[in-house]
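A quick write-up on the structure given underneath.
The chain is numbered in sequence order, starting from 1. Values below: all heavy atoms of this structure, side chains included; hydrogens, waters and symmetry mates excluded.
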Amino acid sequence: MPEVELSEGTITLSPLRPDDVEAHLAGEDELLVRWLNGGPGTREGVDAYFRHCREQWDTGGPLRAFGVRTGADQVLAGTIDLRFAGEGLAPGQVNVAYGLYPSWRGRGLATRAVLLASRYAAGEGAAEAVIQVEPENPASAAVARRAGFTLGKPTRSKDGTRFDRYVGDLHAVAR
């Protein structure tokens, strides 16, 4: 796995690791389940997903999943994923999805993570980042706005879920 570690002094982003499974399960709450995970995590399911994330790093696949870490001991505070290909993305676009564990919310860490991940995505050749937020999730929309993203046209996923689509020019956002 490539040794990627991004930091701006308060948080560090580094690839998710097998030893993050326990911290992820301990940090998961109903908001993460509702907005990000799609269902409660199990040890087997999270372990399989983290192995998939590692395979994506190893093979240069379209997914880059980072742990959001903070403090001297690099405690796992949440996750942020970049997807360089997927439903509704044009060439040059990257989807950004993030979630923090309850005890880390409200401190500006998600905004910092989005900005740091955006810099990484720009370095990987992406020109524009997309954050898709369900309208009932104002906290996530606020992160997108604080990170300099602007509200674009709403979209619907294949299953009919409506999303507000926030777009960030990576040349401007990632500075």
Calculate, to the nearest 0.5 Å, the distance between atoms [atom1] and [atom2] belonging to [X] and [Y] respectively.
X	Y	atom1	atom2	value
Arg64	Gln56	CZ	CD	7.5 Å
Arg119	Leu170	CZ	CG	11.0 Å
Ile131	Ser118	CD1	OG	6.5 Å
Leu63	Cys53	CG	SG	5.0 Å
Leu6	Tyr120	CG	OH	7.5 Å
Thr79	Phe66	OG1	CZ	11.5 Å

If you look at every heavy atom in [X] and [Y], which pair is closest and at what distance?
X	Y	result
Pro15	Asp20	O-OD2, 4.3 Å
Arg17	Phe50	O-CD2, 3.5 Å
Arg165	Lys153	CB-O, 3.3 Å
Ala126	Phe84	CB-CE2, 4.1 Å
Ala117	Leu82	O-CD1, 3.6 Å
Gly27	Pro102	O-CD, 3.1 Å

Is any side-chain heavy atom of [X] less than 4.5 Å from a side-chain heavy atom of [Y]?
X	Y	answer
Val46	Leu25	yes
Arg83	Pro62	no
Arg162	Glu134	no
Phe163	Ser157	yes

If you group Ile, Leu, Val, Met, Phe, Trp and Tyr by side-chain heavy-atom gaps below 4.5 Å, do [X] and [Y] land in one group?
X	Y	answer
Ile80	Leu89	no
Val4	Tyr98	yes
Leu116	Val75	yes
Ile11	Val96	yes
Phe149	Val143	yes

For this session: Decide yes or no on side-chain contact (heavy atoms from CB on, under 4.5 Å) for Val130 and Tyr166, but give the supporting numbers first.
Result: CA-CA 6 Å; Val130 175; Tyr166 290 84; over 6 Å; no
Quick one: do [X] and [Y] make a salt bridge, cutoff under 4.0 Å?
X	Y	value
Asp58	Arg51	no
Asp29	Arg105	yes
Glu8	Arg112	yes

Closer than 3.5 angstrom, by distance alone: can the side chain of [X] be matched with the main-chain N or O of [Y] as a donor-acceptor pair?
X	Y	result
Glu5	Thr12	no
Thr155	Gly88	no
Trp57	His52	no

Exercise. Mind checking what makes side chain to side chain donor-acceptor pair (under 3.5 Å) contact with Arg107, not counting sequence neighbours?
Worked result: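 Checked Arg107 against side chain to side chain donor-acceptor pair (under 3.5 Å); zero matches.
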Exercise. Thr161: what forms a side chain to side chain donor-acceptor pair (under 3.5 Å) with it, not counting sequence neighbours?
Worked result: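 Partners of Thr161 by the side chain to side chain donor-acceptor pair (under 3.5 Å) criterion, ordered by chain and then number, come out as Asp159.
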Exercise. Between Thr111 and Arg146, does any side-chain donor sit less than 3.5 Å from a side-chain acceptor?
Worked result: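 A donor-acceptor contact under 3.5 Å links the two side chains.
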For this session: For the residue pair Asn95 and Gln132, confirm or rule out a side-chain donor-acceptor distance under 3.5 Å.
Result: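 Checked: Asn95/Gln132 side chains pair up, N/O donor to acceptor below 3.5 Å.
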For this session: Evaluate whether atom CD of Glu30 has more than 12 neighbouring non-hydrogen atoms of other residues, nucleotides or ligands under 6.0 angstrom away.
Result: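 Not more than 12 within 6.0 Å, no.
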For this session: Using the test side-chain contact (heavy atoms from CB on, under 4.5 Å), find all partners of Glu128 that sit at least two apart in sequence or belong to another chain.
Result: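 Counting only residues at least two positions away or on another chain, Glu128 forms a side-chain contact (heavy atoms from CB on, under 4.5 Å) with Gln93, Val167.
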